[in-house]
Amino acid sequence: MKAARFYDRGDIRIEEIEQQKLEPGTVRIDVAWTGICGTDLHEYLDGPIFVPAHGHPHPISGEDAPVTLGHEFSGVISEIGEGVTDLAIGDHVVVEPYIIRDDVNTGPDSNDYHLSDDMNFIGLGGRGGGLAENIVVRERWVHKVDKSVALDEAALIEPLSVAYHAVKRSGVQAGQTALVGGAGPIGQLTAAVLTALGVKVIISELSPLRRQKALDAGVAEVALNPAETDVVAEVKKLTGGKGADVAFECTSVQVVFDTLMDAVRPTGVIVVVSIWGKLASFDMHKLVMKEIDVRGTIGYVNSHPDTIALVESGKIDLKPFITGKIRLEDLVDKGFDTLINHNETAVKILVSPTGQGL
Ligand SMILES: NC(=O)c1ccc[n+]([C@@H]2O[C@H](COP(=O)([O-])OP(=O)(O)OC[C@H]3O[C@@H](n4cnc5c(N)ncnc54)[C@H](O)[C@@H]3O)[C@@H](O)[C@H]2O)c1
Ligand SMILES: [Zn+2]
């Protein structure tokens with residue numbers, strides 16, 4: 001079958017590979033759509049980061065580069081392994097793409113399996129990926145999605161789960177006001193979850209297309225251009241002089257973090273969602289004097305059932321965030337190139353590994 005394989009920084013190849021073997025407790029998924037994620041771009045430009053470099057196999061998967069990419073995907077079950085009881089051929093599914101040690105509790109009562117030692121992701125750390133015609137995944141990580149949800153939209157449930165966990169980390173309540181710094185896919189989906197929960201959303205974003213997208217999709221009440229507007233003054237004005245209750249840093253840009261520190265109210269919460277490749281600085285005195293909470297967030301933990309319900313019930317519509325669809329062969333030339341050099345023109349680009357649906 002065809003697959004996109006990460007060999008090394010700047011070296012991704014579309015090639016023919018053997019499909020994975022179906023093992024007991026696993027299912028084969030014919031991949032419908034796979035999203036290109038900022039993390040994939042980081043691997044291509046600065047990696048390997050999550051991908052185990054050639055000669056350095058990952059301690060859980062035992063695999064090293066080349067590995068198949070793609071961790072945001074949807075598909076249809078085509079084969080069922082021995083002992084799988086809750087899934088059937090023809091089911092529409094998405095994958096919670098974790099690689100986690102077998103002795104870690106990943107049950108519904110766990111709230112920390114995503115923080116366990118050597119955690120990595122399917123589609124980065126081994127175990128196949130969504131940028132292939134099919135993939136074999138353990139039953140635990142496969143989530144059924146109602147057929148009323150289009151498979152292209154379902155491919156966005158993985159990044160939506162990132163957003164959902166970030167919002168939960170903030171402790172925000174309905175009726176409060178959130179400021180989201182950066183309206184890339186992660187900022188947009190964070191805004192979508194906040195809006196679905198009854199939170200008023202203000203976005204700050206440089207790209208006009210992305211500001212307009214947030215407004216048109218109905219996930220932000222206000223979209224500010226930080227190049228023209230004093231974001232802190234505007235947020236204060238919109239919150240009766242108080243400041244935002246919570247803020248989400250979705251850019252990994254220092255000035256955005258500084259703005260959020262000024263724009264949250266005393267005892268406000270800032271959730272840092274973006275991945276920082278460098279050290280950040282911040283005003284410790286401000287943190288103390290305003291009693292600000294700064295919190296990290298990574299991935300998701302038992303979030304998929306909730307995000308799937310938000311999409312199935314129509315509370316969140318993922319269609320507006322899909323801005324392009326391409327063939328696997330065009331992954332680097334059209335997909336990565338657009339997101340690296342013209343990201344203001346796109347939000348989420350989906351790949352069809354079989355070419356179906358294009
Ligand atoms: N914590 C997690 O589990 C997790 C998961 C997935 C992705 N991420 C990270 O989240 C971050 C965001 O991902 P993305 O795909 O949305 O990235 P992106 O690069 O598409 O979006 C960032 C946005 O920030 C905007 N921006 C830049 N400077 C700004 C400024 N000064 N003011 C306002 N906006 C500004 C850009 O215009 C862009 O739209 C990345 O760092 C990514 O690695 C984290
Ligand atoms: Zn991702």
Side-chain angles (χ1 to χ4, degrees), residues 34-47 49-50 69-73 94-98 114-115 119-125 129-131 155-170 179-192 202-214 220 223-232 247-260 263 271-278 280 295-301 303 321 323 336 338-350:
T34 302
I36 304 174
C37 172
T39 309
D40 301 322
L41 307 178
H42 279 307
E43 294 289 339
Y44 184 69
L45 295 172
D46 310 316
I49 304 162
F50 284 101
L69 286 178
H71 59 273
E72 305 182 354
F73 57 96
V94 295
V95 168
E96 180 183 351
Y98 276 130
H114 63 312
L115 305 176
M119 177 278 278
N120 205 314
F121 295 95
I122 293 171
L124 289 161
L131 288 169
L156 273 69
I157 285 173
E158 193 272 356
L160 184 68
S161 301
V162 170
Y164 182 81
H165 182 57
V167 170
K168 277 203 124 179
R169 290 279 299 137
S170 75
L179 172 61
V180 178
I186 293 294
Q188 300 267 356
L189 294 173
T190 300
I202 304 166
I203 268 184
S204 168
E205 163 63 50
L206 290 171
S207 148
L209 179 136
R210 288 179 163 190
R211 284 199 304 275
Q212 197 55 47
K213 176 65 76 183
L224 304 174
N225 176 1
E228 281 177 356
T229 307
D230 180 341
V231 172
V232 175
F248 296 84
E249 196 295 293
C250 304
T251 63
S252 69
V253 172
Q254 179 70 50
V255 65
V256 174
F257 184 81
D258 297 340
T259 302
L260 302 187
V271 179
V272 179
V273 193
S274 62
I275 304 288
W276 287 63
K278 54 190 181 305
R295 301 180 187 167
T297 181
I298 182 72
Y300 23 73
V301 56
S303 314
F321 308 112
T323 56
F336 280 39
T338 302
L339 293 170
I340 292 167
N341 299 312
H342 317 281
N343 87 351
E344 70 288 351
T345 65
V347 180
K348 186 57 79 179
I349 297 178
L350 297 182

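Just the heavy atoms: all of them, side chains too, but no hydrogens, waters or symmetry mates, feed the values below. Both counts, for ligands and for their atoms, begin at 1 and track the order of listing. Being a predicted model, the structure only gives us computed values, none of them experimental.
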Examine Arg210 against ligand 1 and note whether any of their N/O atoms are separated by less than 3.5 Å.
yes
For a quick test of reading the model, state the closest non-hydrogen atom pair linking Ile203 to Ala214 and the distance between them.
CD1-CB, 3.6 Å
Measure the shortest side-chain to side-chain distance between Thr251 and Glu205 over non-hydrogen atoms and say whether it is less than 4.5 angstrom.
no
Among the heavy atoms of Gly181, does any lie under 4.0 Å from an atom of ligand 1?
no
Quick one: which ligand 1 atoms are inside 4.0 Å of a heavy atom on Thr297?
1 (N), 2 (C)
Val273/Arg169 under side chain to side chain contact (heavy atoms under 4.5 Å, CB included): CA gap, chis, key distance, verdict:
CA-CA 10 Å; Val273 193; Arg169 290 279 299 137; over 6 Å; no
Considering only heavy atoms, does Cys250 approach ligand 1 within less than 4.0 Å through its side chain, its backbone, both, or neither?
backbone
So do the side chains of Leu124 and Leu69 get within less than 4.5 Å of each other, counting heavy atoms only?
yes
For a 4.5 angstrom cut-off between non-hydrogen side-chain atoms, does Ile275 reach Thr39?
no
Looking only at distances, please establish whether an N/O atom of ligand 1 is found under 3.5 Å from an N/O atom of Gly299.
yes
Minimum-distance protein heavy atom relative to atom 10 (O) of ligand 1
Ser274 CA, 3.5 Å
Determine whether any heavy atom of His42 lies closer than 4.0 Å to an atom of ligand 1.
yes
Carefully, step by step, assess Val256 and Ser204 under the rule side chain to side chain contact (heavy atoms under 4.5 Å, CB included).
CA-CA 9 Å; Val256 174; Ser204 168; over 6 Å; no
May I ask you to check whether Gly38 has an N/O atom sitting below 3.5 Å from an N/O atom of ligand 1?
no
Anything under 30° is parallel, anything over 60° is perpendicular, the rest tilted; go ahead and classify Tyr44 against Phe336.
perpendicular
Minimum heavy-atom distance Glu43-Phe50, with the two atoms named
OE2-N, 2.6 Å
Positive for side chain to side chain donor-acceptor pair (under 3.5 Å) with Tyr300, one of Glu158, Lys168, His114, Glu96
Glu158
Hey, are the side chains of Ile186 and Ser274 touching, using non-hydrogen atoms and a 4.5 Å cut-off?
no
Out of all atoms in ligand 1, which are within 4.0 Å of some heavy atom of Val162? Include the element for each.
2 (C), 3 (O), 4 (C), 5 (C)
Around atom 41 (O) of ligand 1, find the nearest protein heavy atom and jot down its residue, atom name and distance.
Ile275 N, 3.1 Å
Are any of the side-chain heavy atoms of Leu206 and Asn225 separated by less than 4.5 Å?
yes
Using heavy atoms and a threshold below 4.0 Å, how should the contact between Val253 and ligand 1 be classified: side chain, backbone, both, or neither?
side chain
Report yes if the side chains of Pro159 and His71 come closer than 4.5 Å at any heavy-atom pair, otherwise no.
no
How large, to 10°, is the angle at the Zn ion (ligand 2) when you draw lines to NE2 on His71 and to SG on Cys37?
110°
Consider every N or O of Ile186 and every N or O of ligand 1, then say whether any pair is closer than 3.5 Å.
yes
Shortest protein contact, atom 2 (C) of ligand 1 (heavy atom only)
Val273 O, 3.7 Å
Pull out every atom of ligand 1 sitting under 4.0 Å from any heavy atom of Ser204, numbered as shown with elements.
33 (C), 34 (N)
Please write down residue, atom name and distance for the protein heavy atom closest to atom 21 (O) of ligand 1.
Gly184 CA, 3.4 Å
Do any of the N, O or S atoms of Glu72 sit under 2.8 Å from the Zn ion (ligand 2)?
yes
Side chain, backbone, both or neither: which part of Leu206 comes within less than 4.0 Å of ligand 1 when only heavy atoms are counted?
both
Could you work out, for atom 19 (O) of ligand 1, the closest of Val256, Thr39, Val271, Asn343 by heavy-atom distance?
Asn343
Any N or O of Glu205 that comes nearer than 3.5 Å to an N or O of ligand 1?
yes
Is it the case that ligand 1 has an N or O less than 3.5 angstrom from some N or O of Pro185?
yes
What I'd like to find out is whether the side chain of Glu249 reaches to under 4.5 Å of the side chain of Trp276, using heavy atoms alone.
yes
Short N or O distance, Pro226 and ligand 1, threshold 3.5 Å exclusive
no
Is any side-chain heavy atom of Lys348 closer than 4.5 Å to one of Gln188?
no
Considering only heavy atoms of Thr251, which atoms of ligand 1 have at least one such atom less than 4.0 Å away?
24 (O), 25 (C), 26 (N), 34 (N), 35 (C)
